[in-house]
There are 2 protein chains.
Amino acid sequence: MLGGMTTDTSVPPGAREAVLRAAQDLYAENGVAATTPRQVLARSGIGQGSLYHHFPSKRELAVAAVARTVAQTLASAAGDLEAEGAADERLEAYLSRPRDAVAGCRVGRLTADPFVMADDELRGQVAGYFSSLIDLVAAAFREQGSSGEQARDRAIAAVAVLQGGYVLSRALGDPSTMQSAVRGFLALLGPRR
Amino acid sequence: MLGGMTTDTSVPPGAREAVLRAAQDLYAENGVAATTPRQVLARSGIGQGSLYHHFPSKRELAVAAVARTVAQTLASAAGDLEAEGAADERLEAYLSRPRDAVAGCRVGRLTADPFVMADDELRGQVAGYFSSLIDLVAAAFREQGSSGEQARDRAIAAVAVLQGGYVLSRALGDPSTMQSAVRGFLALLGPRR
DNA sequence: GTCTATAAGAGGATAGAC
DNA sequence: GTCTATCCTCTTATAGAC
């Protein structure tokens, strides 16, 4: 094989690629509902009709672009959580890794997006992301010694701290708020590891 | 005095009141950006020009409606956090109180709203809410024995768990996810109280 | 496949009668 | 103060030439 297809971002541009990347970036900035096809065209540099040649509607574009964002974000998390080494170190590495907190979470913000929440498939993509992420984190907690229900509650709390950290950093315009949230959570977790 | 003015919701309707309440509800459902003046008119039952008689623009309506939501939500939190009794019990009561988690946080969701984030005053209202809320929670942690920086980190983590709990409950369409997040956090907090 | 031009509708706001 | 009617712009999507 000559490289994966779903998440490879280092490929010759191409119109379809350019459109998808522009859409992903614009969704990260303003969400799906507020992003117009015109904006996607302008940023990707292609012409009017070309967008509708590759994607029949705004909705189909959103499905494709959100799928990529979900796959990329999940792969990145798995990279930390399924790395080699002790489970507690992997958890700490994942939770405290650098994040552009003021920009917000590309997936989490979609839970407030009316266009996404009104569409079953888009909604399902977001649900799938968090379901998988929680499973990954819960597996690490189980490995580290927590058992069953406790591991799952801790995993959900951990992912919530990150998502809430994004919300607070964004609200306050302060990247350090995410760090405080993670530090506060890890301190509680720490003593008994 | 005959009752407070800023947050009283039990007052004769009146057009301005009806408009504000309709706007607050619609913002909770779809956000500010996606809520049209037409929708506000339809839900409040008033006529077209009447909206613009009370509020010069969509933006001014948003400023007034968001101010009310912030004041109400903060007052509700203060009710729990500044009640009588032990600080740890007030914290637990606040964190585990019933919430419509799948609906999302009326204030937190605004951090993903492009209309809000593009406007300094609206953005400032959201920042003020979280700043005050964190202060309230941090005060309780300090009272309960945590000191200085640790109390603040814990407060930020606690508020993040709630905000992230809303995001996860909404993403998964499952109210129990908020409960798991809070349970996971309280379990870590519990042993050393 | 890509472009320019354009149509149908919704969004935000205003005019002016009552 | 409240209503109906209306205006202009932007959004989404399509048509059709190249």
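Sequence lines set the chain letters: A, B, ... in the order given, protein chains first and strands last, and positions in each chain run from 1.
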Given B:S146 and B:R154, is the side chain to side chain donor-acceptor pair (under 3.5 Å) satisfied, shown in steps? CA-CA 9 Å; B:S146 308; B:R154 283 188 184 181; 3.1 Å; yes
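Nearest heavy atom pair, residue B:R90 against residue B:G85, reads NE-O, 3.0 Å.
Across D:dT12, D:dT2, C:dT2, the shortest atom-to-atom separation from the side chain of A:R38 is found for D:dT12. Nearest to the side chain of A:Y52, among D:dT14, D:dT6, C:dT2, sits D:dT14. Each of D:dT4, D:dA13, D:dT2 was ranked by its minimum atom distance to the side chain of B:Q48; first place goes to D:dT4. Nearest nucleotide to the B:H54 side chain, out of D:dT2, D:dT11, C:dA13: D:dT2. Out of D:dT12, D:dA13, D:dC3, the shortest distance to the side chain of B:I46 is found at D:dC3.
For the pair A:R68 and A:Y27, the cation-pi test (distance below 6.0 Å, angle within 45°) is failed. Cation-pi geometry between B:K58 and B:F115 is met: the NZ or CZ atom falls under 6.0 Å from the ring centre, inside 45° of the normal.
In terms of phosphate contacts, B:S50 brings no side-chain nitrogen or oxygen within less than 4.0 Å of OP1 or OP2 of D:dG1.
In this structure, CG of B:L51 is placed 14 Å from P of D:dT4, rounded to the nearest angstrom. With rounding to whole Å, A:F115 atom CZ is found 10 Å from D:dT12 atom C1'. If you take CG of A:L41 and P of D:dT14, they are 14 Å apart, rounded to a whole angstrom. Between the NE2 atom of B:H53 and the C1' atom of C:dA13 there is a distance of 16 Å, rounded to whole Å. The CD atom of B:E60 sits 14 Å away from the P atom of C:dG12 (whole-angstrom rounding).
Residue order along DNA chain D, read from the 5' end via each residue's closest nucleotide, puts A:A33 first among A:G49 and A:A33. In this structure, A:P56 and A:Q39 both approach DNA chain D, and ranking their closest nucleotides by distance from the 5' end singles out A:Q39. Each of B:K58 and A:G47 was assigned the nucleotide of DNA chain C with the nearest heavy atom; the assignment lying further toward the 5' end belongs to A:G47.
With hydrogens and angles disregarded, a donor-acceptor distance shorter than 3.5 Å links the side chain of A:R109 to the backbone of B:A112.
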